[in-house]
Amino acid sequence: MTYLLYIWTAVAMAGDHNGVGAYAMDWRPVGEYSQGGDVNAAELCQRAAQQLGLKTEKYRCVRNK
């Protein structure tokens, strides 16, 4: 079993020379974690998110086939 780490991140920005603009946000995959040894894939995914300093609402660990 594997888990994918998704983060909520900016994927596009637009603005003018004054810095006024808009941005688009979306969920993007950044890592894949597989079962290995005594550590399960979900724990590996959670640890990776913590090491990146992500807040709970900014990431998801999603089970893959």
- prompt: Are Val30 and Trp8 linked, directly or through other ILVMFWY residues, by side chains that come within less than 4.5 angstrom of each other?
  reply: no

field: Hydrophobic cluster identity match, Trp27 and Met25, side-chain contacts under 4.5 Å
entry: yes

message: Quick test of your reading: applying side-chain hydrogen bond (donor to acceptor under 3.5 Å, both in side chains), list the pairs with at least one residue in residues 38-49, sequence neighbours left out, ordered by first then second residue.
response: Gln46-Tyr59

Taking salt bridge (charged side-chain N to carboxylate O under 4.0 Å, His left out) as the definition, give me every residue that meets it alongside [X], ordered by chain and number, with sequence neighbours left out.
X: Arg60; result: none
X: Arg63; result: none
X: Glu32; result: none

To the nearest 0.5 Å, what is the distance between [atom1] ([X]) and [atom2] ([Y])?
X: Leu5; Y: Leu44; atom1: CG; atom2: CG; result: 11.0 Å
X: Leu4; Y: Cys45; atom1: CG; atom2: SG; result: 8.0 Å
X: Cys61; Y: Tyr33; atom1: SG; atom2: OH; result: 8.0 Å

Donor-acceptor contacts, no H, no angles, side chain residues 49-58, under 3.5 Å, sequence neighbours left out:
none

message: Within the structure provided, determine whether Gln35 and Thr2 are in side-chain contact (heavy-atom separation under 4.5 Å).
response: no

field: Minimal non-hydrogen separation, Ala41 against Ser34, with atom names
entry: CB-C, 3.7 Å

message: I need the minimum non-hydrogen distance between Ala42 and Tyr3, along with the two atoms involved.
response: N-CD1, 3.6 Å

task: Tell me, please, which residues at least two apart from Met13 pass side chain to side chain contact (heavy atoms under 4.5 Å, CB included).
output: Tyr23

